[in-house]
J.: 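I have a structure here, written as structure tokens, and I will follow up with some questions on it.
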Amino acid sequence: RHRGGLPQDMNFTAKRVQDIVSGETDPVKARARYAADILGRAPREDRNFAYSNAGYALLGHIAERTMGKPYEALLHELVFDPLGIKSAVVAEEPLPANAPSGHILGPEGPQPYNMRGPLGVIVAPAGAVSMSISDLVRYGQAHLDGLRGKDGLLKAATIAKLHEGLEERPGDVLYACGWSVGPLPGTAKRHGHNGSNGTFIAELAIFPATGLIVAAIVNRGGEAEPSPSLQAVMAVARKYAPR
């Protein structure tokens with residue numbers, strides 16, 4: 001729930017990444033170096049919500065150490081394959097030939113930019129995954145089914161726990177285990193999460209009361225808030241899952 005005092009690690013410089021990885025090319029060993037770096041720092045004194053890429057990275061490394069398999073393999077074996085998600089690519093796995101390019105804003109407008117590299121490896125458990133938009137909806141369906149009481153890959157009770165938000169200040173959007181819980185402007189209650197590596201921005205939103213799932217992805221980062229992908233989610237939800 002991002003309240004354990006771990007560092008946020010929301011931004012990295014190239015030098016910082018190289019200092020952590022130190023030339024290690026094996027993904028598991030590179031993540032072991034990052035885990036040691038995380039645990040070698042003092043915890044944050046403030047234990048209120050603070051989104052932490054480091055927290056996810058640490059959990060992912062715990063999983064691969066416990067299971068004896070790389071995190072990438074675990075995702076395919078335990079999540080993607082059981083859900084029928086065929087298009088998923090994790091960290092440095094090969095992209096399909098027709099994969100779109102991400103973009104950043106350059107001096108002459110949006111420019112294609114490849115964000116792959118050691119950073120994606122060490123923070124893979126924090127979201128270095130790409131997939132088709134239909135497969136992203138398929139992932140959302142597994143959560144919607146659980147929120148509506150249907151057992152699947154996970155028991156409905158487990159899904160409910162993952163989506164149980166905690167309030168810190170009255171009126172705040174609740175934050176659960178990876179999910180923001182609360183309405184968007186003009187919409188019913190939504191369970192959502194977004195992600196960006198600076199070149200893509202993805203949004204997934206689930207509206208349990210109406211059974212609506214909306215996924216939206218744009219391949220340019222650096223947009224003003226709300227991002228175009230969130231604008232798309234809100235436009236659809238205001239029509240099909242209004243407040």
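Residue indices begin at 1 and follow the sequence shown. Given the structure is predicted, the values throughout are model-derived calculations rather than measurements. Computed over heavy atoms, backbone and side chain alike; hydrogens, waters and symmetry mates excluded.
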J.: Are any side-chain N or O atoms of Ser22 and backbone N or O atoms of Asp19, one a donor and one an acceptor, separated by less than 3.5 Å?
T.: no
J.: Hydrophobic cluster membership, with links at side-chain heavy-atom distances under 4.5 Å among I/L/V/M/F/W/Y: are Val214 and Leu136 in one?
T.: no
J.: Are any non-hydrogen side-chain atoms of Ser101 and Tyr113 less than 4.5 angstrom apart?
T.: no
J.: Any side-chain heavy atom of Leu162 within less than 4.5 Å of one from Leu154?
T.: yes
J.: After noting the C-alpha distance and the side-chain angles of Leu153 and Leu83, does the key distance pass the side-chain contact (heavy atoms from CB on, under 4.5 Å) rule?
T.: CA-CA 7 Å; Leu153 176 61; Leu83 292 179; 3.9 Å; yes
J.: Taking all heavy atoms of Val233 and all of Ala216, pick out the closest pair and write down the distance.
T.: CG2-CB, 4.1 Å
J.: Say you draw a straight line from CD1 of Ile38 to CZ of Arg33; how long is it, rounded to the nearest 0.5 Å?
T.: 13.0 Å
J.: Give a yes or no on this: more than 12 heavy atoms of other residues, nucleotides or ligands lie within 6.0 Å of atom OH of Tyr240.
T.: no
J.: Going hydrophobic residue to hydrophobic residue with side-chain gaps under 4.5 angstrom, can you get from Val123 over to Ile20?
T.: yes
J.: Is it possible for you to say whether Tyr56 and Leu204 belong to one hydrophobic cluster, with membership spreading through side-chain heavy-atom contacts below 4.5 Å?
T.: no
J.: Could you grab the distance from atom OH of Tyr71 to atom CG of Leu78, nearest 0.5 Å is fine?
T.: 10.5 Å
J.: Near Phe12 CZ, under 6.0 Å, is it more than 12 heavy atoms from other residues, nucleotides or ligands?
T.: yes
J.: Between Ile213 and Gln141, does a side-chain contact (heavy atoms from CB on, under 4.5 Å) hold up when you go through it step by step?
T.: CA-CA 7 Å; Ile213 303 168; Gln141 184 69 54; 3.5 Å; yes
J.: Kindly assign one of parallel, tilted or perpendicular to the pair Trp179 and His143, based on the angle between their ring planes and the thresholds 30° and 60°.
T.: tilted
J.: Below 4.0 angstrom, N of the basic side chain to O of the carboxylate: do Arg3 and Asp46 qualify?
T.: no
J.: Starting from Ile159, can I reach Leu212 by hopping between I/L/V/M/F/W/Y residues whose side chains sit under 4.5 Å apart?
T.: no
J.: Using a 4.5 Å cut-off on heavy atoms from C-beta on, say whether the side chain of Ile206 contacts that of Arg190.
T.: no
J.: Using only atom types and a distance under 3.5 Å, with no angle test, would you say the side chain of His103 pairs donor to acceptor with the backbone of Asn219?
T.: yes
J.: To the nearest 0.5 Å, what is the distance between CD (Gln231) and CG (Leu184)?
T.: 12.0 Å
J.: Salt bridge or not between Asp135 and Arg138? Use side-chain N to carboxylate O under 4.0 Å.
T.: yes
J.: Within the structure provided, determine whether Cys177 and His163 are in side-chain contact (heavy-atom separation under 4.5 Å).
T.: no
J.: Below 4.5 Å, heavy atoms only, C-beta onward: do Pro125 and Arg31 meet side chain to side chain?
T.: yes
J.: Under 4.0 Å between a side-chain nitrogen and a carboxylate oxygen: does that hold for Glu77 and Lys69?
T.: yes
J.: Picking from Val90, Asp26, Val28, what satisfies side-chain contact (heavy atoms from CB on, under 4.5 Å) with Pro70?
T.: Val28
J.: Work out which heavy atom in Pro185 is nearest to a heavy atom in Arg243; give both atom names and the distance.
T.: CA-NH2, 4.3 Å
J.: Tell me whether Arg47 at atom CZ has more than 12 heavy atoms from other residues, nucleotides or ligands lying less than 6.0 Å away.
T.: yes
J.: Inspect the contact between Arg41 and Asp37 and indicate whether a charged nitrogen and a carboxylate oxygen are less than 4.0 angstrom apart.
T.: yes
J.: Could you state whether Leu59 and Leu74 fall into the same hydrophobic cluster, counting links through intermediate Ile, Leu, Val, Met, Phe, Trp or Tyr residues with side-chain heavy atoms under 4.5 angstrom apart?
T.: no
J.: Taking all non-hydrogen atoms of both residues into account, name the closest pair between Phe200 and Ser196 and its distance.
T.: O-OG, 2.7 Å
J.: What is the minimum heavy-atom distance between Ala237 and Phe207, and which atoms define it?
T.: CB-CZ, 3.3 Å
J.: Are Ser180 and His193 packed together at the side-chain level, in the sense that at least one heavy-atom pair is separated by less than 4.5 angstrom?
T.: no
J.: Would you give the length of the straight line joining atom CG of Asn53 to atom CG of Leu58, rounded to the nearest 0.5 angstrom?
T.: 12.5 Å
J.: Decide yes or no for Arg44 and Pro7: does some side-chain heavy atom of the first lie under 4.5 Å from some side-chain heavy atom of the second?
T.: no
J.: How long is the gap from CD on Glu24 to CD on Gln18, to the nearest 0.5 Å?
T.: 12.0 Å
J.: Side-chain contact, heavy-atom cut-off 4.5 Å: Val121 with Arg116?
T.: no
J.: I need the minimum non-hydrogen distance between Gly211 and Arg148, along with the two atoms involved.
T.: N-NH2, 3.2 Å
J.: Is it the case that atom CG in Asn11 sees more than 12 heavy atoms from other parts of the structure closer than 6.0 Å?
T.: no
J.: Can you classify the ring geometry of Phe49 versus Tyr175 as parallel (below 30°), tilted (30 to 60°) or perpendicular (above 60°)?
T.: tilted
J.: What's the verdict on side-chain contact (heavy atoms from CB on, under 4.5 Å) for Leu230 and Asn194, showing C-alpha distance, side-chain angles and the deciding distance?
T.: CA-CA 9 Å; Leu230 182 56; Asn194 63 11; 6.0 Å; no
J.: In sequence, state the C-alpha distance, the side-chain angles, and the governing distance for Met131 and Val89, and then conclude on side-chain contact (heavy atoms from CB on, under 4.5 Å).
T.: CA-CA 6 Å; Met131 67 181 67; Val89 173; over 6 Å; no
J.: Taking atom types as modelled, find out whether His2 and Gln8 have a side-chain donor-acceptor pair closer than 3.5 angstrom.
T.: no
J.: Where is the tightest heavy-atom contact between Leu105 and Pro110, given as atom of each residue plus distance?
T.: CD1-N, 3.9 Å
J.: Return the NE2 to CD distance between His191 and Glu164, rounded to the nearest 0.5 Å.
T.: 11.0 Å
